[in-house]
Amino acid sequence: MCWYGDPDAYYQYSGVNHQPRPWTTELQSVRAEVEQQCRCVFNSVLANCIVTVETQWVAMRIDEKELGRIR
């Protein structure tokens, strides 16, 4: 699991708490661009590699109450 974010942006999954890794320069750049386009502020990003039976990349939405409401 790749969890990057602000120091206080903890993530809990399956009862395990994860502390975010610090933002990289590249992720900070992407974050700034996405925030500008979305007119939203993001405190973290989660990236998982999930492979289907056909071994293709798939998009996934994590709807966990700890992450707040998904719009």
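The basis for the numbers below is simple: all heavy atoms, side chains too, and nothing from hydrogens, waters or symmetry mates. Quantities reported herein were computed from a predicted structural model and do not represent experimental measurements.
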Item to check | Rounded distance [0.5 Å steps], CG in D8 versus OG in S44 | outcome: 9.5 Å
Item to check | Value rounded to 0.5 Å, distance of CZ in R31 from CD in E26 | outcome: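 Going from CZ on R31 over to CD on E26, the span is 14.5 Å.
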Checklist entry - Taking side chain as C-beta onward, heavy atoms only, is H18 less than 4.5 Å from Y10? => result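 The answer is no, as the side chains (C-beta and beyond) never meet within the 4.5 Å cut-off.
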Next on the checklist: Which residues end up grouped with F42 if you chain together Ile, Leu, Val, Met, Phe, Trp and Tyr wherever their side-chain heavy atoms are less than 4.5 Å apart?
Outcome noted: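 Reading the cluster by chain and number, F42 sits alongside V30, V34.
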Checklist entry - Are W23 and Y4 close enough that their ring centers fall under 6.0 Å? => result no
